[in-house]
Amino acid sequence: MLKTRFTEMFGVAAPITCGGMTRVGKAELIGAVANAGALGFITAHSAGKPEELAKELKRCRDITDKPFGVNLTILPAIKPPPYAEYRQAIIESGVKIVETAGNKPQEHVTEFRKHGIKVVHKCTSVRHALSAERMGVDAISIDGFECAGHPGEDDTPGLILIPTAADKVKIPMIASGGFGDGRGLVAALALGAEGINMGTRFMATRESPIHQLIKERIVANDERETELIFRTMRNTSRVAKNAVSTKVVAMEKEGAKFEDIRELVAGARGKMVYATGDADEGIWSAGQVQGLIHDIPTCAELVSRIVRDAEAIIRERLERMMSGGQRQAAE
Ligand SMILES: Cc1cc2nc3c(=O)[nH]c(=O)nc-3n(C[C@H](O)[C@H](O)[C@H](O)COP(=O)(O)O)c2cc1C
């Protein structure tokens with residue numbers, strides 16, 4: 001078994017998390033992730049109103065008695081979601097782990113920690129990781145440029161971001177963005193992380209609550225099938241490449257403002273993608289790791305395969321290199 005500071009701190013068997021995913025991080029997926037020995041996060045704002053979140057957490061508790069958490073994504077909005085009420089629902093639910101993402105989490109971090117809740121803050125730069133560490137979070141999840149969703153504006157890929165962060169961050173750190181198999185897990189551990197966070201890979205699992213055709217689209221897509229929208233607004237988002245994303249990127253190049261693309265990027269259209277299986281209906285997030293996704297396993301199969309493959313790489317491939325066994329075999 002792979003034991004890291006992350007597995008010890010959060011009491012899970014595998015050094016793997018399933019990050020918050022709008023419209024995907026629901027009870028059936030996160031419960032299955034927990035039963036597989038990894039740590040998943042129910043996405044607070046996807047549940048709807050705070051009282052709906054409480055019901056979703058109860059639904060997940062009915063699926064698993066293992067640890068799971070909640071993702072609280074704090075994004076600038078004209079009409080912000082009721083963050084304080086979500087926070088209260090989380091505290092009252094008895095969930096003991098939260099993943100925060102986005103801007104200025106201090107107020108939430110302080111409240112959660114006061115109630116004995118551990119906080120993993122997800123960010124996309126070393127400076128934000130250090131600032132979250134100073135705020136008192138328990139662990140960092142750091143997203144490289146490869147990731148689905150918001151990679152930030154620095155464009156630093158994981159191969160640079162993870163070790164530069166590991167040099168400076170003292171609390172346990174999970175590497176995120178572009179991970180999907182045992183090779184990625186070993187690489188993350190070698191770069192100084194204590195585990196991996198995956199989004200896109202968990203979308204294409206049996207328990208993921210999205211249309212089968214979208215899971216199959218992820219399997220069919222290669223690593224080039226993503227696009228960066230909202231670049232011109234400095235709010236970059238990596239999404240699956242489709243008719244809508246290509247149109248949005250073209251309109252942005254022509255100087256379109258948010259108002260001009262609002263209808264194309266509407267959440268209601270993205271929701272239809274998962275409901276109908278029509279991948280061109282709206283915008284949906286997916287990362288470059290699509291190029292490494294070739295099947296739709298159960299969460300249990302996926303997690304155990306990643307851990308098993310990582311252990312085999314460390315024990316066999318890397319160990320053989322250390323002992324010079326490969327040279328001997330070739331001679
Ligand atoms: C469909 C989808 C929706 C996402 N929604 C959110 C979200 O609401 N909040 C958040 O913090 N991260 C969100 N993410 C990012 C993931 O939590 C994770 O950081 C990212 O997927 C990691 O990159 P990967 O997809 O290459 O594994 C989303 C990712 C996907 C694929």
Side-chain angles (χ1 to χ4, degrees), residues 16-26 29-30 33 38-48 53 69-75 77 81 83 86 98-103 105 108 119-124 128 132 140-152 157-159 161-162 173-181 184-185 187-188 193 195-205 208-211 214-215 217-218 221 223 225-229 235-242 245 267 270-271 273-274 279 282-293 302 306:
I16 298 174
T17 61
C18 171
M21 287 192 274
T22 302
R23 298 187 200 94
V24 184
K26 296 191 173 167
L29 174 61
I30 302 308
V33 168
L39 177 64
F41 298 96
I42 300 255
T43 315
H45 61 265
S46 282
L53 172 62
V70 183
N71 165 283
L72 191 67
T73 303
I74 312 142
L75 292 174
Y83 292 123
Y86 282 139
V98 164
E99 176 191 62
T100 51
N103 301 328
H108 305 293
V119 179
V120 181
H121 183 66
K122 195 166 62 190
C123 54
T124 58
H128 290 146
I140 296 291
S141 180
I142 196 149
D143 252 328
F145 189 49
E146 306 88 333
C147 74
H150 292 281
L159 203 51
L161 187 63
I162 300 156
M173 195 182 74
I174 302 156
S176 178
F179 294 101
D181 60 25
L185 174 53
I196 52 171
N197 176 50
M198 308 192 298
T200 309
R201 176 62 272 202
F202 277 115
M203 285 176 92
T205 57
S208 157
I210 64 173
H211 200 286
I214 301 303
K215 298 180 193 179
R217 177 69 172 250
I218 292 171
N221 277 353
E223 63 281 7
E225 302 292 335
T226 75
E227 274 190 302
L228 297 168
I229 61 167
N235 185 26
T236 301
S237 191
R238 188 182 292 284
V239 300
K241 185 173 187 173
N242 66 8
S245 69
K271 203 169 166 180
V273 169
Y274 298 144
I283 291 291
W284 53 284
S285 296
Q288 294 177 321
V289 72
Q290 287 178 115
L292 292 173
I293 298 174
L302 178 64
I306 292 176

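As a basis for the values below, the full set of heavy atoms in this structure was taken, side chains included, without hydrogen atoms, waters or symmetry mates. Indexing begins at 1, ligand by ligand and atom by atom, following the structure's order.
Comparing heavy-atom distances from atom 6 (C) of ligand 1 across Gly149, Gly184, Gly20, Ala44 singles out Gly20 as nearest.
Using a non-hydrogen distance threshold of 4.0 Å, Met198 registers as a contact of ligand 1. Distances shorter than 4.0 angstrom do not occur between any heavy atom of His150 and any atom of ligand 1.
Of the candidates Val33, Ile16, Thr17, Thr17 is the only one forming a side chain to side chain contact (heavy atoms under 4.5 Å, CB included) with Leu39. Here the options are Asp143, Thr100, Ile140, the test is side chain to side chain contact (heavy atoms under 4.5 Å, CB included), and the partner is Cys123; only Ile140 passes.
Within the listing of ligand 1, atoms 11 (O) sit less than 4.0 angstrom from a heavy atom of Ala101. Interface of Asp143 with ligand 1, defined as ligand atoms under 4.0 Å from a residue heavy atom, comprises 19 (O), 22 (C). Which parts of ligand 1 touch Ser176 is read off a 4.0 Å heavy-atom cut-off, strictly below it: atoms 19 (O), 22 (C).
Here Pro157 pairs with Glu146 under the side chain to side chain contact (heavy atoms under 4.5 Å, CB included) rule; sequence neighbours left out.
Residue Thr22 touches ligand 1 through backbone and side chain together, judged by heavy-atom distances below 4.0 Å. Within the 4.0 Å heavy-atom criterion, neither part of Arg23 lies near ligand 1. At a heavy-atom cutoff of 4.0 Å, ligand 1 is contacted by both the backbone and the side chain of Ala148. Residue Thr200 touches ligand 1 through backbone and side chain together, judged by heavy-atom distances below 4.0 Å.
No N or O atom of Thr43 sits closer than 3.5 Å to an N or O atom of ligand 1. Some N or O of Gly178 is nearer than 3.5 Å to an N or O of ligand 1, by distance alone.
The shortest non-hydrogen separation linking Tyr83 to Ile74 is OH-CA, 3.5 Å.
No hydrogens or angles considered: nothing links the side chains of Arg23 and Ser46 as a donor-acceptor pair under 3.5 Å.
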